[in-house]
Structure formats: C-alpha cells, structure tokens
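Worksheet: one structure, shown below.
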2 protein chains.
Amino acid sequence: MHRGRVLAIGEFSRMTHLSVRTLRRYHDAGLLEPATVDDATGYRYYGADQIPTAQVIHRLRELDVPLPDVRRILDSPDPGRRAALVADHLQRLEAELDRTRAAVASLHRLLVPEPAPLTVALRAVPATTVAAVEDDVAHDDVLAWYAGAMAELDAAVGDPAGAPGGLYDNALFEDGRGHVLVYLPAAAPPSTGRVRPVTLPPVELAVTTHVAEHDDIDVTYGELGSWVVANALAVAGPVRETYLVGPRDTPDPAAWRTEIGWPVFRVAPR
Amino acid sequence: MHRGRVLAIGEFSRMTHLSVRTLRRYHDAGLLEPATVDDATGYRYYGADQIPTAQVIHRLRELDVPLPDVRRILDSPDPGRRAALVADHLQRLEAELDRTRAAVASLHRLLVPEPAPLTVALRAVPATTVAAVEDDVAHDDVLAWYAGAMAELDAAVGDPAGAPGGLYDNALFEDGRGHVLVYLPAAAPPSTGRVRPVTLPPVELAVTTHVAEHDDIDVTYGELGSWVVANALAVAGPVRETYLVGPRDTPDPAAWRTEIGWPVFRVAPR
DNA sequence: CTGGACCCTCCCCCGGGGGGAGGGTGCACC
DNA sequence: GGTGCACCCTCCCCCCGGGGGAGGGTCCAG
C-alpha cells in the first residue's frame with residue numbers, strides 16, 4: 001500500500017469519528033501518537049495507517065476501559081497477552097453486570113415492602129476462642145478475600161465445632177476499608193498458614209437473623225439499627241455475622257440464614 | 001414504633017453503610033435532609049425512620065441513577081409514578097447493555113481481522129430530487145430520529161423509486177451534533193408533515209459497500225478513509241449512506257448492505 | 001496579500017465521590 | 001469542673017474523560 005498523504009487532525013477526526021479534542025487528549029496520554037508533529041507550529045499530522053488503531057481505542061473506550069489500560073493493551077506486542085487483558089476487562093464488566101442485577105432485584109424488594117417480622121434479641125456472648133484469619137481489606141475485595149480465607153480455614157480445621165462467622169470493622173463500610181476477621185469454631189484451633197487461634201472478647205449483642213441471599217442484607221442491617229436506636233442502645237464495635245445456613249449448606253440462596261449481631265451498650269436517653 | 005434516639009451522622013453512617021462524606025453530600029443535594037440540624041454548630045442529626053430512605057438511595061446509586069433523578073424519584077409521592085421513573089432508568093441501563101454487547105462483538109472482529117477485500121470506486125453522482133426529512137440531531141439520538149423520519153417518509157411516499165439513504169454532516173461525528181437528512185427516492189416527492197422535496201447536489205463520491213450489521217460500520221468508514229487518502233483525495237461534504245439491503249428487507253443483520261459514499265475532491269500531493 | 005478555515009494551548013466546567021487541613025463540640029472520666 | 005479525645009463542621013484540591021470557550025498562530029486558495 002502506498003503511503004499517501006498525511007492527515008491533519010480534523011481530517012483524521014472525520015475518518016475515525018473521534019473528536020479533535022479527544023484525539024489531542026489521546027496524544028497527551030500517549031495512546032495515539034501522531035505520525036508527525038510540526039516542531040514550530042505544534043500541528044499534529046496522522047497517517048492513514050493509524051486509523052485501525054484509533055478504532056480499537058474507540059471500541060475499548062466504549063467498553064469504559066480506562067485510558068491507562070487502553071495504553072497497556074496497545075503497548076503489548078503479543079496478541080495473546082493483549083487478548084488476555086481484554087478478557088480481564090470483559091470479566092470486570094460481567095461482574096459489574098451481576099452487581100447491577102443484584103441491585104435491581106434488591107431495589108424491587110425495597111419498593112414492595114412486606115411488613116418484615118423482624119425479631120431482635122439481646123444476648124450476652126462470652127469470650128470464645130476460634131480459628132481465625134484476619135486482615136485489613138477494601139470493601140470491594142471482601143467477597144474474594146472471604147472466599148480465600150474461608151477455604152484456608154476449612155482446610156486447617158478438620159472438624160468445626162459450629163457455624164462459621166466474621167467480624168467486620170465499621171470502618172469497612174464508612175471508609176471503604178477496614179479490619180475483617182473470619183473464623184471457624186474449633187475445639188483446638190490450629191496455627192497454620194494465615195490461620196491463628198483468636199479469642200473473641202465477650203460482648204453484649206443485639207442479634208437478628210437475615211433470611212435470604214446477601215443482596216438485601218443492608219436492609220436487615222438498617223432494621224437492626226433502628227431497633228438498636230429505639231431501645232436506647234449504641235454500637236460498640238465490629239459487627240458479627242454468623243453464617244447459620246450458607247452456600248456450603250444449600251445451593252438455594254433463598255434458604256440462607258445469616259445471624260447479624262451488633263455489639264451494643266446502653267446510653268442515657270436524650 | 002416509639003421515636004427513640006436521634007442519630008449523629010457517624011452513627012447513621014454505620015446504620016446505612018453510606019460514608020459520612022456521602023451523607024453530607026446528599027444533604028447538600030437535598031436528597032436526604034437530616035431530621036434536625038443544630039443551628040449553632042451545624043451538627044446533622046438523623047432519625048431511625050430515615051434509614052429505609054437512605055437504603056433506597058443507596059440502591060439507586062448502585063444503578064448509577066444521577067442524583068437529580070434520585071431526588072425526583074424520592075419526591076414523587078405516587079408509587080406508580082415512582083415505579084415508572086425507576087423503570088425508565090432500567091430501560092436506559094438495558095440500552096447501554098446492548099451498546100456494550102455490540103462494542104464487544106465489534107472489538108472481537110477488529111482484533112481478529114480478516115484481509116478485508118474492500119473495493120472502492122469513484123463515481124460521479126448527478127443532482128437528484130428526493131423526498132427528504134432533515135434536522136439538526138445529536139449523535140446519540142440519531143437512531144431514534146432515523147426511525148421516526150423513515151417511518152414518516154414511508155407513509156408519505158407510496159412507491160419509492162429506489163433504496164433509502166441518508167446524508168450525515170461530518171460535525172455529527174466530530175462534535176457529537178450535526179445536520180442529518182434521510183431520503184427516499186420518489187418520482188414525485190410530496191410535501192407533507194416533515195417531508196419535503198429536496199434536490200441533492202451533484203458530487204464525486206468515493207463509494208464502498210459495508211456488508212453486515214452497523215456495529216462495525218466505523219471500520220468500513222476507516223478503510224474508505226484510508227483509500228481516499230491513499231488516492232490523494234480529500235473529503236468535501238457530508239457522507240452519504242444508501243441502505244441497499246436493510247432491516248426493511250431482511251431480518252438477518254449479516255445480510256445487510258450499506259453503501260457508503262464520501263464526497264471527495266483531488267488535492268495536490270504533499 | 002488577504003480572508004477564512006483550521007490548528008494550537010490554556011483554563012474552567014461536569015458528576016460523584018475521596019483526602020486532608022484547620023477548627024469547633026459533646027461527653028465520659030478523673 | 002477541667003481535660004482529653006472522639007466526633008463533627010466547612011473549605012479546598014484531586015480523580016476520570018470528556019466538553020466549552022478564549023485568545024492567538026498557520027495554512028492555503030483566490
């Protein structure tokens with residue numbers, strides 16, 4: 001193919017359906033370097049052979065691939081590696097779609113409320129020693145982290161003495177990052193890998209049970225919160241969840257039962 | 001339900017899993033007014049009865065409903081109207097999903113390129129009088145606008161004398177908004193509703209045919225652009241598309257044929 | 001040589017959040 | 001009745017990927 005003319009940015013914009021502004025931004029970002037830049041005037045000139053690249057960028061941006069990621073994809077010479085990066089992003093899109101679906105379902109349940117017969121109990125829980133894995137985790141990573149930690153606990157504890165549970169720092173929800181501890185009760189908690197014996201302090205818990213999958217658990221949290229407030233109590237530490245019936249017990253999400261316990265103490269009424 | 005205590009913003013944050021910053025922003029945006037604001041100190045105090053509202057907001061934000069729309073949804077007292085607003089947004093999400101799917105498919109075709117046997121011809125087109133509908137349209141609205149305009153043309157022109165087509169201002173792609181004209185050839189173009197007889201000026205066209213659905217049409221545009229440049233031509237007006245085989249002819253998108261013609265003129269080689 | 005289309009850089013704006021500074025408050029404990 | 005400390009306030013800057021517009025230089029056909 002013969003070289004042909006060189007294109008000014010406006011012509012290149014017509015060929016690629018990318019706006020002139022956007023082309024300039026892509027230049028600044030190192031995504032799409034013009035074939036030539038006139039030193040004296042700063043004019044950008046593109047080659048017709050850059051059109052396909054511009055179109056790939058256009059498609060990736062339609063998929064909301066961040067500019068730095070687009071750069072990485074374009075910069076990787078190996079087509080296999082490139083395909084892998086794209087696949088990564090598509091997987092992220094898929095995950096986001098799942099979250100959206102969950103939010104839609106949950107929203108519908110929120111807007112068609114049934115008089116939830118929420119039963120809350122106050123329960124004194126003594127100190128307990130369990131096999132635990134703990135770490136500082138970002139809110140977005142909690143699910144993946146939980147899966148890994150619980151798998152490790154299952155492997156380390158042969159014969160659990162009760163249902164698994166977790167302690168979730170309030171900062172996790174308030175700041176998007178916080179301390180998380182998941183545990184499995186055990187007669188003789190081992191100490192292998194990330195698994196350590198931990199003694200959970202004694203607490204007074206306001207306890208209720210969330211029945212159904214986790215999408216709606218915020219609602220139960222809120223109802224528990226309302227109850228705590230209505231009974232002149234205040235929150236005093238990380239929330240405790242106990243997975244009475246979970247994915248390990250039945251594949252039917254509607255049958256799952258999660259006990260939520262919020263450490264509380266009595267406050268003077270205002 | 002007895003009233004219970006009033007909640008400081010931090011406590012309310014723990015109950016709703018919305019960050020303190022975000023709660024303040026929602027206050028400023030008029031989304032979630034605290035039950036009380038201390039005049040002297042500016043302290044925000046919330047009631048436990050505001051928790052469900054906060055959760056609805058949370059879900060809507062997970063669905064990327066813009067804050068003003070959330071406000072509208074919350075402010076509409078009629079549950080039916082509220083449901084309609086939510087449904088609107090879900091429809092928007094669905095449309096976006098379609099666009100994403102199209103982009104994924106197109107990207108795959110771009111990354112697994114076959115040696116496209118693109119044939120481009122140069123053709124002199126004489127002035128033609130057609131039945132046309134034209135307007136200034138935003139790029140995002142083109143599809144919907146096209147559907148309406150073409151339906152009106154179909155109704156006004158009993159017996160079309162050829163395939164339908166459109167003229168698309170380059171500004172449509174460069175600035176996201178531009179002049180669009182769609183037409184249907186007719187022996188005696190009528191003048192009813194938005195339909196007017198229009199004489200298309202004579203042009204020299206670089207013409208190629210895009211076979212397959214429209215998702216990939218950018219690619220053909222780019223290839224046509226390359227050819228134009230390689231042959232020392234430049235673009236001289238709005239692009240013309242002619243829908244030789246379209247949805248009106250066959251439901252199979254893979255069989256669609258769109259002729260793309262770009263008005264050109266010869267430039268001196270640099 | 002002149003006019004108009006084209007191109008340049010630079011700064012501000014959007015939306016929905018986060019980081020952090022700097023300073024005032026509420027309250028439990030001593 | 002202090003005092004310390006967690007909590008709360010406002011205000012400003014940053015992120016992303018674009019768009020709007022000002023103010024000024026450049027290209028090229030007539």
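Quick note on labels: first sequence line is chain A, next is B, and so on, each numbered from 1. Computed from a predicted model, the values in this text were never measured in an experiment.
Rounded to an integer number of Å, the gap from Asp39(A) CG to dT26(D) C1' is 15 Å. At whole-Å resolution of the value, CG in Asp175(B) and P in dG19(D) are 9 Å apart. Between Glu62(A) atom CD and dG18(D) atom C1' the separation is 15 Å, expressed in whole Å. Rounded to whole Å, atom P of dG19(D) lies 11 Å from atom CZ of Arg61(A). The distance between atom CD of Glu174(B) and atom P of dG19(D), rounded to the nearest whole Å, is 12 Å. As a whole-Å value, the separation of Phe265(B) CZ from dC28(D) C1' is 11 Å. For the pair Asp64(A) CG and dG18(D) C1', the interatomic distance rounds to 12 Å; values are reported in whole Å. Rounded to a whole Å, the CG atom of Asp69(B) is 12 Å from the C1' atom of dG15(C).
Remark: Asp69(B) engages Arg92(B) in a salt bridge, criterion side-chain N to carboxylate O under 4.0 Å. For Asp98(A) and Arg101(A), the salt-bridge test passes: some basic side-chain N is under 4.0 Å from an acidic carboxylate O. Ion pairing of Arg25(A) with Asp28(A) is absent here, as no side-chain N (NZ or NE/NH1/NH2) approaches a carboxylate O to less than 4.0 Å.
Closest approach of Ala234(B) and Glu11(A) over heavy atoms only: CB-OE2, 4.1 Å.
Here Tyr26(B) does not reach the OP1 or OP2 of dG16(C): none of its side-chain N or O atoms lies under 4.0 Å away. At least one side-chain nitrogen or oxygen of Ser19(A) sits closer than 4.0 Å to the OP1 or OP2 atom of dG19(D). Phosphate contact (OP1/OP2 of dG18(C), side-chain N/O of Thr22(B), threshold under 4.0 Å): present.
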Could you go through Glu134(A) and Val198(A), starting from their C-alpha distance and side-chain angles, then the distance that decides it, and tell me whether this counts as side-chain contact (heavy atoms from CB on, under 4.5 Å)? CA-CA 10 Å; Glu134(A) 57 186 318; Val198(A) 170; 3.8 Å; yes
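Toward the 5' end of DNA chain D, the nearer of the two residues Arg25(A) and Asp38(A), judged by each one's closest nucleotide, is Arg25(A).
Environment of CG in Leu143(A): sparse, with no more than 12 heavy atoms of neighbouring residues, nucleotides or ligands closer than 6.0 Å.
Put simply, the side chain of Trp227(B) reaches to within 4.5 Å of the side chain of Leu122(B), judged on heavy atoms.
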Scoring nucleotides 1-9 of chain C by protein non-hydrogen atoms under 4.0 Å (B base, S sugar-phosphate only, - none) yields -----BSSB
